[in-house]
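Working notes, beginning with the structure itself.
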Amino acid sequence: MDKSKYILQETIDNKRLNALMNDVRQDPSEENMVELLKEAAVSTFIVPLSISDDGKACIQGMNNSQGKQYMVVFADTKSYKIKCGGEPMYGVTSKFEELIEVCLGNAAVEGFVINPGFEEVIFGKDMLSMIADTMHGGDDTAKVGEPDHYPAKLHGMLAEFLKVEPSVNKIWVRLMKVNKSGELRWLFILEGDNEGYAEKKDYVHDTFRNYIRQYLDGLDLMCASSADEFASKVIEGVDPYITRD
């Protein structure tokens, strides 16, 4: 089987995007993240492929330390060439919005990681979902407000979570209605009290979702950091639902 048709033909060089990813790695502030998202939205990425002996092409993935699978993409040809280590550079190119659609449409994938082993920035599903809502319909794609009631065990289970996760000190609980579908979801916004939270945010959010899901009366949930632009607007002037004692 001729595999040459899968060899990457384009040369990608996103210098500004790589610089912004470095900035985010060193300082994951809201300002730096917004600038990164703006640049990513207009950039083209490389999606590496693995080609089997019978000629089938598969998108490459990688697992994090918790076993969650992420799609792998590269922001520049140079980084991908180094990663290939002299092996053929199989791949296709894709826009940011296309990457989001692929990840959100695949239940086995938790998001994607850009330039693993180099600048390495991870976009998880919750963030991608919020980005997709903004790209497809603007800020009015969902309404967020105060619930008229809370699940019976919610407060007690959140108190237990705060006891075992010292990096979180405040949690806001809001109810979100997706305008397009009418779907209701719980929105949990977490505030960390030290640098440890920022460093392991994805792990904390994954753990929290798995822990609290069974106590939500059957509704799905989203989880965000209070430092995220979307979340900071939602909780402006709103008291936390629960605070560490």
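Quick note: numbers below take in every heavy atom, side chains included, and nothing from hydrogens, waters or symmetry partners.
P116 has its side chain out of reach of Q60: every pair of non-hydrogen atoms, C-beta onward, lies at least 4.5 Å apart. Inter-residue side-chain proximity for V109 and V102 is flagged as unmet; no heavy-atom pair is nearer than 4.5 Å. Considering only heavy atoms from C-beta on, Y211 comes within 4.5 Å of M157 through its side chain. You'll find the side chain of F188 stays beyond 4.5 Å of the side chain of H205, heavy atoms only. Contact check for I212 versus F161: no side-chain heavy atoms found under the 4.5 Å cut-off. L219 places none of its side-chain heavy atoms less than 4.5 Å from the side chain of R185.
V238 approaches W172 most closely through the heavy-atom pair O-NE1, 2.8 Å. When all heavy atoms of L99 and S94 are compared, the pair lying nearest together is CD2-OG, 3.6 Å.
Not a single donor-acceptor pair under 3.5 Å links the side chain of S129 to the backbone N or O of K125. Side-chain N or O atoms of Q9 include one that pairs as donor or acceptor with a backbone N or O of I7 at under 3.5 Å.
Salt-bridge formation is not detected for the pair K153/E160: no Lys NZ or Arg NE/NH1/NH2 atom is positioned less than 4.0 Å from an Asp or Glu carboxylate oxygen.
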Walk me through whether E35 and R16 qualify under salt bridge (Lys or Arg N to Asp or Glu O under 4.0 Å).
CA-CA 10 Å; E35 288 302 309; R16 173 167 165 74; 3.3 Å; yes
Could you check N115 against D76 for side chain to side chain donor-acceptor pair (under 3.5 Å), going step by step and ending with a plain yes or no?
CA-CA 8 Å; N115 282 17; D76 62 287; 3.1 Å; yes
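Between F96 and F112, the angle of the ring planes goes over 60°, which puts this pair in the perpendicular group of the 30/60° scheme.
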